[in-house]
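Okay, so here's the structure we're looking at.
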Amino acid sequence: MDRGLFVIPLLCLLCACKSSPSHASFPFEDAAQQAGLDFWQYSGANGKYALPEVMGSGAALIDYDNDGDMDVYLVQGTAALPDGKSLAPPPAGWKPGNRLFRNNLAETGKLTFTDVTDAAGVGAAATGMGVAAGDYDNDGYTDLYVTNYGHNILYHNNGNGTFTDVTASAGVASSGWSTSAAFIDYDKDGLLDLAVVHYLEFFDTPCYVPQGSRDYCGPASFRRTVTELYHNLGNGRFKNVTHEVGLDAKLGPGLGILTGNFGADGYPGFMVANDGAANHLWISEPRGPSTPRERVFKEVGLSHGLAYASDGRPRAGMGIASGDLFGDGDQTIIVTNLPTESFTLFRRQPNGDFVDDTEQSGLSHISLPFTGFGVGLFDMDNRGLLDMFSANGAVKMVMSEQGDKFPYREKKLLLRNMGKGKGFEDITASAGPVFQTPEVSRAAVFGDVNNDGGTDVLVTNNNGPARLLLNTVPDRGHWLLVHLEGTRTNRSGYGSVVELVRKDGSSVKRWVRGDGSYLAANDPRAHFGLGKATEVDRIQVRWLAGECESWRQSGVDTIVKLKEGTGQPCVGP
């Protein structure tokens, strides 16, 4: 075994596998209630149709206690108790504030959760939106950044099961209406910086549906805002460099964010999905030839093919996801939109630009009736092909739900990748009861919560319960899950690329990040479905700091931890 390559004990994996039903007749089962994930998002909607109440809230999958399993953090919509006019009141026993649930898998071998919010100190109550996760001070523990309609919160993980609110001392409170956020080492100095997306300058104004009744306003009614960037100074403090790096050159009603290698020199940038306006693609450039790490940002969405769909018109961008959908080593990006617009699929070309490939993929007619928010590309059955899930829920009254107090419910979508460039097949109807129940879904968070090699999906609902869609696909293929630990690179490994090389020399890549989807922080471990293959050749990591390292890998169906500086130099291109 190569030095620096650690494998999770087989006993733990066997215990984890027992927590997944082997007799499941559906590919996903909602295990939230059974596992003790008791959470209800309450927006406080009372008939005044304030837009912030219908847009949230998000969630995170994080291993906050470093025991090897994913814990759950859920963002609450409001701290207000029902006033008697609530359109969708919470159930009896509802707890205000955000909630942290510790995963007991490592201790008990069973997938159950314990609410540790009060002890951990992360239960702030506000008009909550999203969450980002990452180790910003490289101390080995994942920290949390929570966005709100109002001031945001940075929680420093103390490493003893508790967190401290360090927002004021860190200088990252922000203001206004923040939505998605992402930790990103944009200057490759080994420290995670923070990008915060903002939506609108909201004010209370009445809007109506054509039939004459009140409804939520669209984004065109309000002024656009700026995506902010906070540079990590390395001493527990951040500096707001938004103007300094040029991010205030273009405003947008931003909702989703996705970090990635969009430029030509290996420095990370990010894409923002804008609601009713052109999407923004921000790539970084050196401020000058002698200062490569002093970066400025340039918005290039239009020239790179990501600003608009093929019809040249802006769409209601909300959630955003990417992955090697076609197995060609290039990233494909999916953005969710409103009904009648369809979701948009952008396929990357060899020259680095993107083209709208929505029609060819079959996604256009499938997604046309839906209001998509959280979205992800993931290998649900470990075939080595990326499938798609979207969490859907309207922001305008759904006529089929008219008469209901909260008429915004829609079904979720599950699409299977048919491979060989044939596009998607809609398998929602056979995906299980939770897919047949319309809800007002928002965030979709992807990760392996029971460490059995199957990617699960955590879904939040507006004015509804959290759902934990446990992957119960029968006869899944073999798999590997790769966890990075940076040394020169930021400790979380964000911005690095993991490449799995098969015995036949072919390979597949995964970008390591925690962001994507909508208001979400995903499991940052790189997941590889292997199909029937029982062995692979090696794993290569192109660290964000610049080095490429390789480790021989003999086993499958396991979790591998790779530490920067412990592999062998990569061979070949």
Side-chain angles (χ1 to χ4, degrees), residues 60-68 70-71 73 98 100 102 116 119-124 130-147 151-174 178 180-196 228-242 244-245 257 259 267-268 270 293-295 483-496 512-515 521-525 543-546 561-566:
L61 287 175
I62 60 165
D63 183 6
Y64 85 96
D65 51 2
N66 286 358
D67 64 354
M70 289 290 113
D71 309 296
Y73 188 73
N98 308 328
L100 176 64
R102 185 185 68 230
V116 295
V122 289
V131 57
D135 184 359
Y136 76 86
D137 59 352
N138 291 332
D139 65 352
Y141 293 93
T142 303
D143 310 297
L144 288 169
Y145 185 74
V146 182
T147 64
H151 293 306
N152 302 333
I153 302 173
L154 177 63
Y155 288 115
H156 176 259
N157 189 334
N158 301 318
N160 60 1
T162 69
F163 291 77
T164 300
D165 181 347
V166 296
T167 313
S169 61
V172 292
S174 192
S178 304
S180 295
F183 282 103
I184 173 177
D185 184 4
Y186 77 94
D187 56 356
K188 299 206 297 186
D189 65 352
L191 297 169
L192 288 176
D193 311 296
L194 182 61
V196 184
E228 291 184 326
L229 183 66
Y230 293 88
H231 180 236
N232 190 336
L233 301 177
N235 56 0
R237 292 190 57 80
F238 291 76
K239 177 185 177 183
N240 189 333
V241 295
T242 305
E244 182 179 321
V245 301
I257 187 171
T259 62
Y267 280 78
F270 56 90
R293 285 195 173 175
E294 291 185 20
R295 314 296 290 185
H483 177 197
L484 298 188
E485 180 182 332
T487 53
R488 289 181 59 220
T489 297
N490 63 82
R491 185 75 174 259
S492 300
Y494 289 177
S496 303
V512 177
R513 56 184 160 227
D515 54 84
N522 299 287
D523 181 348
R525 298 174 296 180
W543 296 97
L544 181 60
K561 184 174 182 179
L562 303 178
K563 185 175 182 179
E564 188 176 15
T566 64

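Computed from a predicted structure; not experimentally measured.
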Q. Are the side chains of Trp543 and Thr487 in touch, meaning some heavy atoms are under 4.5 Å apart?
A. no
Q) Under a 4.5 Å cut-off applied to non-hydrogen side-chain atoms, are Phe163 and Leu100 in contact? A) yes
(Q) How long is the straight-line distance from CG of Asp139 back to CG of Asp135, given to the nearest 0.5 Å? (A) 5.0 Å
**Q.** Close side-chain approach of Asn138 to Asn490, heavy-atom, < 4.5 Å
**A.** yes
Q. Taking all non-hydrogen atoms of both residues, which atom of Gly130 and which atom of Thr147 are closest, and how far apart?
A. N-OG1, 2.7 Å
(Q) Walk me through whether Ile184 and Tyr494 qualify under side-chain contact (heavy atoms from CB on, under 4.5 Å). (A) CA-CA 7 Å; Ile184 173 177; Tyr494 289 177; over 6 Å; no
Q.
Under a 3.5 Å distance rule, please check whether Asn522 uses its side chain to pair with a backbone N or O of Asp515 as donor and acceptor.
A. yes
Q. Is there a side-chain contact between Pro524 and Phe183 (heavy atoms, below 4.5 Å)?
A. no
Q. Hey, are Tyr64 and Asn157 close enough side-chain-wise for a donor-acceptor pair under 3.5 Å?
A. no
Q.
side-chain hydrogen bond (donor to acceptor under 3.5 Å, both in side chains) for Asn66 and Tyr141? Distances and angles first, verdict last.
A. CA-CA 7 Å; Asn66 286 358; Tyr141 293 93; 4.5 Å; no
Q: For Arg491, check salt bridge (Lys or Arg N to Asp or Glu O under 4.0 Å) against everything at least two apart and list the hits.
A: Glu485
Q. Is any side-chain heavy atom of Tyr267 less than 4.5 Å from a side-chain heavy atom of Arg295?
A. yes
Q) If only atom types and distance count, is the side chain of Ser496 paired as donor or acceptor with the main-chain N or O of Leu544 below 3.5 Å? A) yes
Q. Is there a donor-acceptor contact under 3.5 Å from the side chain of Thr142 to the main chain of Gly134?
A. no
Q | Heavy-atom closest pair, residues Ala195 and Ile257 | A | CB-CD1, 3.9 Å
Q. In Å and rounded to the nearest 0.5 Å, what is the CG to NE2 distance from Asp137 to His156?
A. 3.5 Å
Q) Looking only at heavy atoms, which two atoms of Lys188 and Pro268 are closest? And how far apart? A) CG-CD, 4.2 Å
**Q.** Nearest atoms (heavy-atom pairs only) where Glu244 meets Lys239
**A.** OE1-NZ, 3.3 Å
Q.
Any non-hydrogen side-chain atom of Ser174 less than 4.5 Å from a side-chain atom of Asn152?
A. yes
**Q.** Ser178/Tyr145 under side-chain contact (heavy atoms from CB on, under 4.5 Å): CA gap, chis, key distance, verdict
**A.** CA-CA 11 Å; Ser178 304; Tyr145 185 74; 5.6 Å; no
Q.
Suppose we screen for ring pair (Phe, Tyr, Trp, His ring centres under 6.0 Å). Which residues come up paired with Phe238, at least two apart in sequence or across chains?
A. Tyr136
**Q.** Counterpart residues, salt bridge (Lys or Arg N to Asp or Glu O under 4.0 Å), relative to Arg513 (two or more places apart)
**A.** none
(Q) Give me the atom names and distance for the closest heavy-atom approach of Asp63 to Gly68. (A) OD2-N, 2.9 Å
Q) Can you name the residues that form a side chain to side chain contact (heavy atoms under 4.5 Å, CB included) with Asp193, not counting sequence neighbours? A) Asp185, Tyr186, Asp187, His231, Asn232
Q: Quick one: pull up OH in Tyr155 and CG in Leu144 and give me the separation to the nearest 0.5 Å.
A: 8.5 Å
Q.
Could you measure the distance from the CG atom of Asp189 to the OG1 atom of Thr489? Nearest 0.5 Å is fine.
A. 11.0 Å
Q) Can you tell me if Glu228 uses its side chain to pair, donor with acceptor, with the backbone of Val196 under 3.5 Å? A) no
Q: Using salt bridge (Lys or Arg N to Asp or Glu O under 4.0 Å) as the criterion, list what pairs up with Asp71, not counting sequence neighbours.
A: none
Q) Could you give all pairs that pass the side-chain hydrogen bond (donor to acceptor under 3.5 Å, both in side chains) test and reach residues 162-171, with sequence neighbours left out? A) Asn158-Thr162, Asn158-Thr164, Asn160-Thr162, Asp165-Thr167
Q. Is a side-chain N or O of Asp523 found less than 3.5 angstrom from the main chain of Leu61, in a donor-acceptor match?
A. no
